[in-house]
There are 2 protein chains.
Amino acid sequence: MRADAARNREAVLQAAGLLFDSADDPAAVSMDDVAAAAGVGKGTLFRRFGDRAGLIRALYELRAERMAEESEAEGGGDGAADDPVDALVRAMDALLRFKIENRALSRALESLGGGSPYTNAAYGHWHGRVTALIAEARGPEAADFLAHALLAAVRSDLVDHLADWPDARLKAGVEELVRSVCGRGA
Amino acid sequence: MRADAARNREAVLQAAGLLFDSADDPAAVSMDDVAAAAGVGKGTLFRRFGDRAGLIRALYELRAERMAEESEAEGGGDGAADDPVDALVRAMDALLRFKIENRALSRALESLGGGSPYTNAAYGHWHGRVTALIAEARGPEAADFLAHALLAAVRSDLVDHLADWPDARLKAGVEELVRSVCGRGA
DNA sequence: ACGTTAAACGGACCGATGGTCCGAATCGTA
DNA sequence: TACGATTCGGACCATCGGTCCGTTTAACGT
């Protein structure tokens, strides 16, 4: 990849990140806006990312990677010998925090049309992980659907709708949900 | 309301219903399409329903009402002396069926942008009902959030994503989820 | 250094869509 | 039937995602 291409790619990602982060409604961030903020022509933008969905996906995956690194780094000991329910609670909590910290971007991703929340590498990853933990905790019976249900409970527009709840209440709700689903609450 | 206005309103609702029902992607149904199919000018369409969201909401509420009537009618005896968990299972099952039968329309409603799935009379109604049943079944602790979570599990795009599952599997999954959340599985 | 070439640039341009406007047509009423 | 209020309808507008192509520029061989 040519040097200017790489430079522009970075500029676009950074500009788009700022725009989405400071937007209430992700739909209000137009491709023209992104191009202008990045100091780049529209042609460049679309050649690099294909379309709006591609840009949003790229940005989302960038942040997801960053989160994965962070949580891995702070995971420290990692104590693999751990209750799957606790592991699931921690995973869901991390996901919830991610959704809160990336409200607008997550909403942008989930509202792309065409079942996009599910046609997504990150979703597949999470669903696999949650399914495995549920299967471990309560058997594989309906683990597949239950995993979808858990993930649906932290969908960004729901989190957004509950934006005036204190974070702790949301977190407690999610934990309660996870423990209930895993077979034995408290 | 003038007679022609009422007639046109009906024509629009019926045409829009047909169009959404036969569409795979609700976004592919344009306001022009609706106006043309209803044999009405665009001005009429927008004056009556305000905007696209208004039309979709009107249509959705129409169907929701129809479903409410039907389920009430067939509810028959109504046996109020009933386990709240069973009642909740039945309610969620009805909602799931509604989402399946109105796939495109539900998706249209849920993908309006601006937290629209939640800014909706029907959602408030369902959430209240589910919250009450959960509170009755397992206490009012996190009932509010758990109700949101249950409703999220039957969101139309998830149902759509799982379209190739047999209906029975979906139904079983929802029932399993409800019973788990209500405190005691099986 | 310099010329060559393939790649990237950028913004004018396009088609579609949601939404507006206003002269024409129509309904209800006296 | 005549008249005023209401509604109709489609031409019109702004915006947005996406394309196109003449121009620029980075990379590399000589």
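So that the names make sense, note that chain A is the first sequence line, chain B the second, and so on, each numbered from 1.
- Ion pairing of B/Asp86 with B/Arg179 is present here, as a side-chain N (NZ or NE/NH1/NH2) and a carboxylate O approach within less than 4.0 Å.
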Query - From CA spacing to verdict: side-chain contact (heavy atoms from CB on, under 4.5 Å), A/Ile134, A/Leu150 - result: CA-CA 10 Å; A/Ile134 292 179; A/Leu150 289 195; 4.0 Å; yes

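- Near DNA chain D, meaning a heavy atom under 4.0 Å from it, residues 108-122 of chain B has no residue at all.
- Taken to the nearest 0.5 Å, the CD atom of B/Glu101 stands 10.0 Å off from the CZ atom of B/Arg63.
- Ion pairing between a basic and an acidic side chain is recognised when a charged N comes within 4.0 Å of a carboxylate O; B/Arg97 and B/Glu70 show no such pairing.
- For A/Arg129, the CZ atom counts as loosely surrounded, since its 6.0 Å shell holds 12 or fewer non-hydrogen atoms of other residues, nucleotides or ligands.
- Between C/dA8 and A/Asn8, no contact under 4.0 Å exists linking OP1 or OP2 to a side-chain N or O.
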Report task. Given side-chain hydrogen bond (donor to acceptor under 3.5 Å, both in side chains), test A/His127 with A/Asp144 step by step and report yes or no. Result -> CA-CA 8 Å; A/His127 181 260; A/Asp144 194 338; 2.9 Å; yes

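- More than 12 heavy atoms of other residues, nucleotides or ligands shown are found within 6.0 angstrom of CG on B/Asp25.
- Classification of A/Glu110 and A/Lys99 as a salt-bridged pair holds, one side-chain N sitting under 4.0 Å from a carboxylate O.
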Report task. Going 5' to 3' through nucleotides 18-29 of chain C, assign each nucleotide B (protein heavy atom under 4.0 Å from a base atom), S (under 4.0 Å only from sugar-phosphate atoms) or - (no protein heavy atom that close). Result -> BBBB----BSS-

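- Backbone-only engagement by B/Arg48 is indicated by non-hydrogen atom pairs under 4.0 Å involving sugar-phosphate atoms exclusively.
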